[in-house]
Structures are given as structure tokens and as C-alpha cells.
Amino acid sequence: MGFSMTISDTWHRLPRPVRIVLARLPLLVPQMLGVIFVTFILVRLLPGDPVLLMLGNMATEESIATLREQLGLDGSIWSQFLVYFQNLIQGDLGVSMFTSNPVIKDLLERAPATLELITYAMILTLLIAVPTAIYATVRPKSIVDRASRVYGLAAGSLPDFWVALLLIFIFFTTFGIAVAPFGRIDPMLSAPEFVTGFYTLDALLAGDLQAFLSAGSRLLLPVITLAIVNSGALMKMTSSAFGEIWHSDFIQHQRASGVPERKIIRAALRNSLPPLITLTGFLFGFLLGAAVLVETIFSWGGLGQYAVMAVINSDYPALQGFVLVAAAFILIVYLIVDVLYEIVDPRIEV
Amino acid sequence: MSKKVLLETRDLSVAFGDKLALDRVNIALAENEVVGIVGETGAGKSLLARSLIGLLPPGAERTNGDVWSDGRALSTMSPAELRNLRGGVVSLIGTNAKALLDPVQPVGEQVATVLRSHRRLSHRAARQAAVKLFRQVGITDPESRATAYPHQLSGGMAQRIVIAMALVAGPKVVLADDATLGLDATIQVQVLDLLVERCRTEGLGTLIITHDLGIVSQYCDRVAIMKGGQIVEQNDVSAFLAGPQTSYGQELLKAAKVRPTLIKGDGDGDGETLPKVGDGTRTGPKSSPLLQIRDMVKHFRGRDGGVVKAVDEISIEIGRGETLALVGESGSGKTTAGQCIVRLLDINCGEIVFDGKEIGNLPASEFRAMRKRIQMVFQEPYVALNPRWRVEDLISEPLSLDETVRSAADRRSRVLEMLEAVRLPKTLAKVFPHELTAGEQKRVGMARALATRPDFVVFDEPTTALDIRVRAQIIDLIRTLQREMGLSALFITHDLNSVRSLAHRVAVMRYGKIVETGDTSTIFERPGHDYTRMLLDAELPIERVAEKDLMGAI
């Protein structure tokens with residue numbers, strides 16, 4: 001009794017954000033285990049024998065049996081899972097049949113490419129959508145308000161590859177302002193040393209200004225493309241969330257109390273954060289795979305392209321690796337969403 | 001004794017498009033003066049309050065006259081000057097304090113923000129000033145309260161915070177727009193006492209906007225009666241109470257005084273008393289009580305894992321044709337008790353015997369057959385009525401419980417019968433809830449509950465948040481229904497005034513327990529429990545002041 005009281009006391013004395021993180025973090029373990037198990041099962045469920053697929057038509061009985069044994073496919077499903085899991089923990093995701101590289105090596109190269117692209121795209125999306133929506137709500141019937149309505153309508157119906165091609169046509173082909181849409185960095189330069197995998201950050205860390213500028217300018221068009229396409233949805237969401245708060249009683253009351261408009265806007269924004277956080281998290285996870293067309297157009301060499309190639313070539317280890325990385329990424333994004341959501345809303349008990 | 005006028009309107013008119021909402025309003029507020037503005041919903045009271053701080057709702061426009069503060073017309077002020085005026089010179093306290101506070105900011109910060117909007121102060125100094133003011137407005141433990149969020153506060157506490165917010169920047173005028181609506185009577189008195197006392201000590205001009213003449217008679221020096229955007233009458237409160245000059249004023253005063261004679265035992269005087277009831281408290285030989293509740297318990301799990309005893313072993317009996325009033329403040333568990341009786345909530349233990357049959361522990365499927373006989377009228381009719389249904393659909397919905405009403409024609413005639421019973425015109429059968437007034441919504445809620453001709457009805461706060469005249473009408477209606485339909489009823493309320501004329505017996509509830517039960521006359525004339533006495537004292541009757549003035553005159 002006394003012991004549990006002490007625990008409960010200590011718990012409540014912790015700062016609220018710490019309590020939120022501590023309460024949410026352990027859930028990650030069973031979630032990740034679940035994901036690992038499901039990817040394993042899904043791949044087993046695929047039609048066809050992977051051994052036959054790998055060895056082709058010329059396989060002999062012995063070679064099939066040998067490979068089975070090598071791959072651990074002769075045991076029960078549980079022992080197979082155990083082998084798979086042990087390999088996974090050691091960072092062994094198998095060898096891609098298509099690139100002949102270890103899957104982990106491919107992923108480590110490609111995941112940061114996509115992550116860098118969609119992180120900047122997400123930041124730009126937020127920078128476009130949120131201020132525009134706020135301005136449009138605070139100054140209704142202004143030009144910004146009208147323009148944002150038209151844009152909100154149009155942006156949802158614009159295909160990203162079309163926007164990408166349009167931007168390339170205008171800024172690269174016609175005016176020659178933008179750099180060529182081929183990859184993440186000028187082929188004449190060498191990629192900065194791997195630290196985070198983000199070329200922009202790594203170049204800065206290495207003090208390589210030229211690489212930084214090259215990587216940055218390569219990012220420009222694809223990031224703008226993704227932001228143009230996705231900020232429409234976020235803008236609408238912000239408008240509705242912020243608009244509802246903006247017309248609520250407590251905002252009226254702050255105005256009646258003579259609080260300056262600037263502070264009122266800040267208070268209203270603070271109150272409309274929860275739905276924004278949720279949608280931002282969702283968009284972030286969605287972009288991981290959805291950016292594939294843009295990646296292809298800009299020869300980005302990202303994760304989406306890798307997954308498409310894996311599917312086309314029946315490259316199961318690569319596909320399995322992609323699903324795992326994507327799932328882990330989404331789990332982490334949602335973890336951050338949950339934590340932020342609880343931090344910004346003090347009404348949620350922890 | 002000419003006092004300095006702080007704020008006044010001269011021939012102020014405000015219109016929504018072509019529709020005039022304020023019509024040549026002239027009202028002045030001097031220092032150290034408390035003025036009451038009384039009117040019914042839609043009279044333009046709140047619009048007037050908002051005009052006084054130059055903050056009209058969208059669509060409204062000033063068409064004539066102006067508001068003057070300290071020799072300047074509001075319409076000539078720049079946005080920055082207006083911002084300084086709001087909260088700095090004239091501050092507004094609105095209804096439902098919890099909705100007026102930012103839900104994600106600690107309340108101390110919010111009050112400090114208002115102060116810093118008007119004075120150049122450091123963050124620390126503003127916070128200290130807020131905490132100091134919290135203490136002055138009667139907030140215990142102000143230091144820790146300042147770090148609380150609005151959802152952690154009770155309604156009365158939140159109202160005090162809003163008052164602190166209004167006073168913090170040292171305004172000269174305070175406007176209280178229905179500031180205590182929806183608060184318990186005892187809390188209402190505390191909050192108003194505090195507000196008026198603070199305003200008087202600092203010599204502020206105070207404008208109390210209300211529909212409760214009891215508040216006006218208790219706190220105000222002058223009163224203005226509003227109707228249809230006009231001030232129809234303006235006078236000293238004592239003169240008004242002695243004899244209103246207009247017929248509308250007389251009507252309001254009469255409606256406010258409606259507290260028909262106490263129901264006294266059997267057929268005492270008043271021809272309109274309730275039907276007699278066999279003394280329900282003793283085991284009468286003729287009829288057993290219709291409803292008996294024994295040791296009913298309802299627990300809820302609290303936030304901290306503890307148990308909240310919302311209803312803690314209560315026992316009640318209600319005889320046939322008898323009305324029992326269950327009186328208590330918010331949080332006393334009275335509504336929970338009502339919901340347990342109609343089985344909207346499952347009880348933890350105890351029993352409910354209805355007409356000789358135990359229903360408290362009946363499985364939901366078996367209880368369904370009893371629903372026809374036990375109905376409930378909900379507290380907020382607008383919330384309880386499906387906004388997408390027409391009135392006729394709303395009233396006929398419960399008829400699916402009644403096998404005797406099957407054909408469409410039968411249903412239709414029952415709906416019309418019910419509309420007539422609650423004194424609504426037949427034409428309203430085709431309208432949607434939002435087209436009805438608050439009083440009409442209450443009536444539809446009642447018609448819906450009465451449609452299956454139940455034997456027993458729980459009325460949950462049927463008169464809260466209604467205008468005086470509408471409240472009097474609803475009380476009249478319930479009395480008529482009792483007589484015509486021979487209803488037994490449980491009447492849940494915190495409005496003691498209405499109980500006086502409606503109930504045969506009263507049970508007073510506090511913290512989940514019944515502290516006192518007795519005949520209505522006994523409870524009102526010789527309350528036995530301190531808490532009952534406190535509730536009675538919290539009433540703001542009009543007579544009290546009239547008597548006081550009379551005493552003074554002698």
C-alpha cells in the first residue's frame with residue numbers, strides 16, 4: 001500500500017510531458033512486434049514457393065532442399081519466425097534479388113532520400129497552409145480568403161506528377177532557372193559523408209557549401225510540387241478547426257477584455273492545434289509511399305521507387321524490408337502525434 | 001447629489017439589415033451606481049451590452065445615436081482606443097464562465113494577459129496582481145488555483161475568475177450580462193454579493209443585465225425594463241417595485257411574484273390546488289405508494305481511481321397522484337437519481353419498486369415494457385430533441401412503445417392531443433426544433449414524455465434558463481397536467497420558487513444523500529436542516545426588499 005502510494009506520488013510529481021512520453025513509449029514495443037509478425041506472415045501467404053522462385057526452373061531436388069535448409073524454411077512456422085526475428089535483430093533483412101545488395105544497405109541509402117524530401121515538403125506545406133488559413137479566417141472576404149478557397153478546391157484535384165512536369169517545364173526547360181531533375185545532388189559532386197543521410201544536413205556538418213547548395217537546389221522543385229499538392233487539404237482542415245475556435249465564446253471574451261488581436265490569434269491557434277497535429281502526422285505517413293511518382297520524375301532514388309521495383313521484380317526480401325521500414329516510420333510518426341496531442345491539450349488525463 | 005456619469009447611450013439605435021434591434025435607447029450609468037436591465041429573451045439586452053463596448057456582432061450596425069464614455073463618442077475612437085476601452089474602462093462579464101475561459105491556458109495566465117493588455121507590467125508582476133485579485137474575489141488557495149485550467153474549476157469558481165478578469169485592469173464600469181445564469185442559487189448569491197460589493201467599494205458603475213427581478217430588487221439602485229429593443233420604463237428600484245408605470249412592467253413583476261399559495265395539506269383555500277393525495281409517507285390502507293426506492297446507490301469511478309458516490313443510499317416514496325420535489329444544488333446527485341429511476345443508468349445496489357414490481361434490477365429487455373409507464377422530461381430540451389425531426393415525429397416516436405396506438409391515424413390524433421395538452425398550436429406539428437422558442441421546446445419535450453400516457457414522469461429542471469413569464473407559464477402547465485392526467489411525478493430542481501407551487505412533498509438532497517424530507521409547507525415554514533435553510537436563504541425574492549423599504553419608510 002505504502003509502496004504503491006510512493007510510486008503514484010512520484011508519478012504525479014513528474015512534469016506532465018515526461019509522464020505522457022513514459023506512458024506512451026512502452027506501447028511501441030508490442031506494436032513493433034506486431035508489425036514484424038504481420039510482415040512475416042504476409043510474405044508466407046504470398047502464392048508460390050520462394051525457393052522455386054529463387055532457383056528458377058532448372059532447380060534440382062537437392063538444390064531445393066539445400067536452399068530450404070539455408071533459408072530455414074524446413075522448420076515449423078514458429079521456428080522460421082524465430083530465425084527471421086533473430087536475423088532482423090542483427091540487422092539482417094536478407095539480400096535483394098534484384099540489386100544483389102543486402103536489403104539493409106539499400107534501405108539505409110534510400111530511406112533518408114525520401115525522408116529528406118518529405119520532411120522539407122511537410123515543412124513547406126505547413127508554412128503555406130497554416131498562415132494562409134489563419135489570415136483567410138481573420139480577414140474574411142479578403143483577397144487571401146477568396147484565393148485560398150479557389151486554391152483549396154483546385155489543389156485537391158491536381159495530380160502531383162502533372163504539377164511536377166509543369167514546374168520542370170516552366171522553371172527548367174523554359175526559363176532555365178531550376179537545376180536538372182536528375183537525382184539528389186549534382187553528379188559532378190560527391191555526396192557528403194553519411195551522418196544523418198540528409199544531404200543538406202550532412203553537407204552543412206561537413207562544411208561543404210557547394211554540396212549543400214547543390215542538394216538544396218535539387219530539393220527545390222520536388223518539395224514545391226509536394227507542398228502545392230498537399231497544402232490544400234491542410235489549409236481546409238486548418239480553416240475549419242481555426243474557424244470554429246475563432247468564433248467561440250472565449251475568443252469573443254478576450255476581445256471584449258481588450259486583449260490585442262495578435263495575442264487572440266495566438267490563443268486561437270493554440271486551441272486548434274490538436275486536429276492539425278493529427279492531420280500533419282497522417283500526411284507525413286501518407287507521403288512516404290505517395291511521393292513515388294514525384295520521386296520517379298526527379299530520379300530521386302527514394303524508398304517509394306525501391307518498393308515499386310521490388311513489387312515488379314517479385315523481390316520479396318526487398319519488399320519485406322520496405323514494409324518494415326514504412327511501418328516503423330508510421331509508428332514513430334503516430335507516437336509523436338499522440339504525445340504532442342496530449343501535450344497541447346491539458347484536458348487529457350495522464 | 002449629481003454623480004459623474006461614466007457611460008451613457010444617447011438615442012442609440014442598432015439594426016441587423018432592415019431589422020431594428022435597438023431603438024433609440026437612452027441609458028446612463030453613473031459612478032457608484034448599480035443599474036439593472038431587465039427584459040425577456042430577444043429584448044436586445046445583450047446587444048446593448050455589446051454596443052456599450054463597441055463590439056457589435058457581425059451583421060449589426062449602429063444606425064442612430066452613439067455611446068459616450070467620458071465625454072467621447074465610441075464611434076470616433078480608433079481601434080486602438082477602443083481596445084483600451086474594452087476591459088480597461090468598461091469590462092464585460094458574460095454568461096457561462098467556463099465557455100469564456102481559454103481551455104488550454106492556466107486561468108492565472110489568462111487574467112495576467114488581460115492586465116498586461118492594458119498596463120505595462122512584467123509577466124511576474126501581472127501574475128502576482130492576478131493572484132492577489134483572486135484572493136479578493138474569494139478564491140481559496142489562489143496560488144495553486146492560478147495554475148489550474150478551466151476544466152478543473154467548478155462553475156462558481158470559473159465565474160469568480162471571469163470577475164477577476166473583468167476587474168483586473170481597473171475599469172470604471174462593469175457590465176454583467178446574465179453573469180450568474182445557470183449557477184446554483186447559493187453560488188449565485190455569493191457571486192453577486194461579491195461583484196456588487198467590489199464595485200461599490202471601488203465606486204464603479206455597474207450594469208446588471210438579467211431576466212430575474214429578484215436580482216434587481218436585491219442589488220440595484222435603478223432598473224430599466226427592455227422590450228423589443230426599447231427601454232419602456234426606467235425608474236428607481238423601490239419605485240418600480242411599488243408600482244410599475246407600464247403594463248409590461250406590471251406583467252413582469254406579477255410573473256416574478258408568481259408563487260401561488262403553498263400547498264397546504266388538504267383543500268386549503270385556493271381552488272386550484274393539486275388533487276389530494278393519500279398521505280404517501282405512511283402505509284395507507286387503500287393504496288400502496290406508486291414508487292418506492294430503497295437504499296438506492298449509484299457510484300461512478302472518479303478520475304483518480306477513487307469512487308464518487310453520486311447517489312448514496314437514498315430512499316424515497318411517491319404516492320399515486322403525488323408530486324415529490326427533489327431539491328439540491330448541482331453535484332448533489334439529483335439528476336443521477338432521476339436517471340437511475342428511469343433506468344438510463346444502472347444502479348449499483350438497492351431496489352426500485354414501481355407499482356408493486358421491482359424494476360431496479362430488471363434486465364434492460366424486460367424493463368422496455370415498463371418504459372411506456374415511466375417517462376422523463378429532459379433538462380435541455382434542445383439537446384434532447386433530434387434537430388432533423390419535425391415536432392410530430394418527435395412526439396410520436398415514443399408511441400412505438402404503445403401497442404394500443406398502431407395506425408397512422410391513431411398516432412396523428414395522439415400527437416394533436418398532446419400538442420393541445422401542452423397548449424401548443426397544431427400548426428407547430430410540422431416545424432423543426434430550432435424554429436421553436438425555448439419555452440415551446442420545453443413543451444415539446446413534455447408532450448414527448450406524456451405521449452404514452454405514463455403513470456409516472458421525472459421532470460429534470462423544467463424551469464431553468466427560462467424567462468420569468470415563460471417559467472410561470474410552464475409551472476402553470478405542469479399544474480394543469482397533474483390535475484388533468486393524475487400524474488405522479490418526481491420534480492428535480494434547484495429552483496425552490498417553482499417547488500412551492502408544484503410539489504406535495506420535498507426531499508432535499510446533498511452530496512448524494514437526502515438530508516430532509518417533508519411536506520412542502522413544513523419544509524418552507526419550518527425547515528429542519530441547516531442546509532435547507534441555506535437553500536431557502538439563497539432565494540432572491542422580490543418581497544424581501546419591498547418589505548425592507550416599507551420598514552425603512554416607517
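Everything numeric in this text was worked out from a predicted model, so none of it was measured.
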Test item: B:Asp102 and A:Asn271 side chains (from C-beta on) under 4.5 Å apart, heavy atoms: yes

Test item: side-chain donor near acceptor, B:Arg50 and A:Gln252, under 3.5 Å: yes

Within-4.5 Å side-chain heavy-atom neighbours: B:Val104 and A:Arg347: yes

Any donor-acceptor pair under 3.5 Å from B:Arg86 side chain to A:Ser257 backbone: no

Atom CD of B:Glu202 with >12 non-hydrogen neighbours under 6.0 angstrom: yes

Contact summary for A:Ala256 and B:Leu92, nearest pair of heavy atoms: CB-CD2, 4.2 Å

Neighbour count above 12 (heavy atom, 6.0 Å) for B:Arg135 CZ: no

Exceeds 12 heavy-atom contacts within 6.0 angstrom, atom CD of A:Glu261: yes

Residues of residues 153-163 of chain B within contact distance of chain A, non-hydrogen under 4.5 Å: B:Val162

A:Phe286, CZ: over 12 other non-hydrogen atoms inside 6.0 angstrom: no

Atom group of B:Ile53 that falls short of 4.5 Å from chain A, counting heavy atoms: side chain

Heavy-atom side-chain proximity of A:Arg255 to B:Arg83 below 4.5 angstrom: no

Steps toward side chain to side chain contact (heavy atoms under 4.5 Å, CB included) verdict (B:Arg116, A:Lys263): CA-CA 11 Å; B:Arg116 271 157 58 85; A:Lys263 283 192 189 171; 4.3 Å; yes

Residue A:Arg16 excluded, over 12 heavy atoms near CZ under 6.0 Å: yes

Donor + acceptor pair across side chains of B:Asn96, A:Asp249 (<3.5 Å): no

Separation of B:Lys98 NZ from A:Phe250 CZ (nearest 0.5 Å): 15.0 Å

Distance, nearest 0.5 Å, that separates CG of B:Leu101 from CD of A:Gln254: 9.0 Å

Between B:Pro79, B:Ser117, B:Pro106, B:Gly88, the one whose heavy-atom pairs under 4.5 Å with chain A are most numerous: B:Ser117

Neighbour count >12 (heavy atoms, 6.0 Å) for atom CZ, A:Arg270: yes

